[in-house]
Amino acid sequence: MFIQPKALGVSTLRLRFRWHMEEREVLLTSFFFPFMLRLIPELMFRYPIGFDTPLYLMKARIYASNPFALRFKATLGAEHVSLFYRLLGWFYLLGLDVRIIMKILPSLIYGLIGLCFFMYLRRVEFFSPGESFLSVLLLAISPPSLRISWDMHKQSFATVLLFLSLLCLRSDGLRVCLFLPFLLVLVALSHELVFSILALLIVVWALGELKHGSKVTLLPLGVLLTCLLILSSWYNWDMRALSSMVFEDYYHGEYCAYGDSWWFILVDRTFTPFLLLFWYLLPLAVMGFFKSRFLTPWLVLCSFSSFFRVIYPYFAPAVSWRWMLLLIYPLAAYSARGLKRALRCFTLRSFLSSISCLASLILMSLDFLGVLGLHIYAFREGYSIIPSDMVSSSLPLDGLQATEDCINWLNEHARNGSVLLVDSFHHGWARFLSDIPVITYGPLYRSRSDLSDVDTAVKYALSLGYEHVYLLARSGAPEGFNLI
């Protein structure tokens with residue numbers, strides 16, 4: 001029996017068309033599943049969720065007041081205008097309600113992370129569509145990833161640009177020269193931690209290309225060094241997220257109460273959150289580990305930055321837990337590969353067996369979905385890297401409504417020479433809603449380092465010449481204030 005070549009060509013074409021349609025559906029699902037998952041807590045809360053999200057609203061308004069400024073005055077000194085702040089500032093200048101924007105934009109970014117992560121694994125790491133989607137699934141439901149999307153919007157935005165940069169490296173030399181420097185600049189202007197990861201990955205990639213005699217890497221490397229200089233200058237060479245003298249915190253901060261046992265407390269405060277965050281992924285990640293040009297250096301850099309303060313606490317990243325959260329991306333990919341190897345090891349080849357294994361993995365980590373507001377799981381006290389649920393802001397829902405009503409009244413009735421005093425929890429919302437100057441006191445975001453309580457804030461306001469001092473408090477009025 002003979003088969004005509006023409007018929008064979010048509011059959012092959014149909015098979016290819018069907019396969020591409022199936023991958024396109026998986027690609028769309030890689031966007032819509034994280035997007036809808038992140039949208040759940042937003043729909044359960046009237047205001048934008050996230051403890052630091054009000055700060056983004058505040059800085060959008062500040063940037064809109066001077067859209068050509070490269071820096072603006074932050075809580076304790078000058079701060080650069082991040083690319084994400086500029087984006088929100090442009091929305092504010094166009095007359096759009098940035099509160100509505102921030103109800104939708106973080107979920108869109110979360111979906112884009114899933115989409116770009118899928119494309120990266122397919123085109124750079126050569127994962128199968130099933131492996132790539134499983135990696136996106138593990139990433140989307142993981143507490144570290146949800147924690148990042150809760151209020152670390154600059155970092156999430158920069159992560160999308162990072163994966164686009166890595167995808168650009170798989171293109172031809174012309175596209176690398178045209179698009180990679182542009183993406184490098186965007187990442188450098190967005191977030192310092194993500195840029196540090198990308199800088200390392202570009203160096204590793206460039207060294208590999210130079211070994212093969214390629215000279216196309218010289219331009220990206222030159223732009224990379226320029227970005228490093230610009231970024232360091234922009235941060236006044238004080239990037240505490242990358243390196244800081246943190247040893248003094250153990251003597252003058254919370255660890256001083258533990259005496260000589262402070263190092264053991266530090267070990268506990270470092271490794272216990274790590275195990276709570278990644279315990280269900282670690283066995284699969286070890287089983288699925290492979291040497292990757294990008295995932296392996298990413299894993300090494302974030303692990304080093306997360307645990308270095310235990311080894312040498314004199315000079316280490318001041319926010320090591322942020323580096324720890326960034327471990328989720330390589331671990332999700334390694335875990336998906338490990339699950340595939342586990343399925344082969346146990347010869348679970350039938351469709352029902354594979355679905356059962358996947359469902360067991362999801363059910364095993366279902367308690368972590370409490371961060372979505374299901375109140376199933378909460379971290380132990382003292383390890384509050386992950387919030388008990390994402391359906392929250394810096395203030396409770398009833399407190400937010402009351403805060404908005406009070407500030408709206410104040411905007412209408414406050415006289416000239418008035419100032420508003422707020423604590424750390426009201427800071428972002430007050431700065432965003434208030435038309436009069438705001439002074440913040442308390443443990444976070446205070447306007448000056450010595451404003452630890454109401455009394456010092458009042459003295460500071462009077463020293464600035466304000467005649468009418470208003471206080472926004474969550475409980476009764478302190479001595480010297482009249483309740484309005």
Side-chain angles (χ1 to χ4, degrees), residues 46-48 51-69 71-79 81 85 88-102 393-484:
R46 178 180 174 183
Y47 295 87
F51 189 88
D52 285 343
T53 301
L55 301 181
Y56 288 82
L57 306 178
M58 172 197 77
K59 292 174 182 178
R61 182 179 180 180
I62 295 175
Y63 172 73
S65 64
N66 188 6
F68 299 103
R71 302 170 66 88
F72 57 80
K73 188 175 181 180
T75 305
L76 292 175
E79 181 177 342
V81 183
Y85 296 153
L88 292 180
W90 293 332
F91 287 136
Y92 193 94
L93 284 173
L94 292 174
L96 301 177
D97 191 343
V98 290
R99 286 176 291 187
I100 298 178
I101 297 295
M102 289 304 292
S393 179
S394 59
L395 294 170
L397 180 58
D398 55 346
L400 279 173
Q401 184 61 57
T403 298
E404 186 173 4
D405 294 339
C406 291
I407 295 179
N408 288 337
W409 179 91
L410 192 61
N411 290 336
E412 295 179 4
H413 298 88
R415 291 170 287 181
N416 293 332
S418 298
V419 65
L420 176 63
L421 306 184
V422 298
D423 61 14
S424 302
F425 298 96
H426 290 89
H427 170 72
W429 290 108
R431 291 287 301 274
F432 172 67
L433 297 170
S434 177
D435 294 332
I436 67 174
V438 175
I439 294 178
T440 306
Y441 64 91
L444 301 172
Y445 316 127
R446 48 192 175 190
S447 302
R448 210 170 67 174
S449 59
D450 59 341
L451 302 183
S452 57
D453 52 30
V454 178
D455 295 333
T456 55
V458 171
K459 293 179 182 178
Y460 177 64
L462 295 176
S463 68
L464 295 178
Y466 291 108
E467 300 176 1
H468 310 284
V469 180
Y470 295 88
L471 174 66
L472 185 61
R474 287 179 287 180
S475 56
E479 183 179 356
F481 285 89
N482 298 321
L483 184 62
I484 300 178

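What's counted below: heavy atoms across the whole structure, side chains too, no hydrogens, waters or symmetry copies.
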Spacing of [atom1] belonging to [X] relative to [atom2] belonging to [Y], to within rounding of 0.5 Å:
X	Y	atom1	atom2	answer
L93	L88	CG	CG	11.0 Å
R46	E404	CZ	CD	6.5 Å
I407	L472	CD1	CG	5.5 Å
K59	R431	NZ	CZ	9.5 Å
Y92	L57	OH	CG	10.0 Å
D423	Y445	CG	OH	12.0 Å

Self-check item: Heavy-atom pair of closest approach, residues S434 and R61
Solution: O-NH1, 3.0 Å
Self-check item: Test item: side-chain donor near acceptor, Q401 and D405, under 3.5 Å
Solution: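 Yes, side-chain donor-acceptor contact under 3.5 Å.
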Quiz item: Between D435 and A414, is there a donor-acceptor pair closer than 3.5 Å when you use the side chain of the first and the backbone of the second?
Solution: no
Practice problem: May I ask you to decide if V422's main-chain N or O and T440's side chain share a donor-acceptor pair within less than 3.5 Å? | Solution: no
Show me the donor-acceptor pairs within less than 3.5 Å that the side chains of residues 458-468 make with the rest of the protein, sequence neighbours left out.
{"residue": "S463", "atom": "OG", "partner": "K459", "partner atom": "O", "Å": "3.4"}
{"residue": "S463", "atom": "OG", "partner": "Y460", "partner atom": "O", "Å": "2.6"}
{"residue": "H468", "atom": "ND1", "partner": "R415", "partner atom": "NH2", "Å": "3.4"}

Practice problem: Can you label the angle between the W409 ring and the H413 ring as parallel, tilted or perpendicular, going by 30° and 60°? | Solution: parallel
Quiz item: Residues in side-chain hydrogen bond (donor to acceptor under 3.5 Å, both in side chains) with T456, at least two apart?
Solution: D453
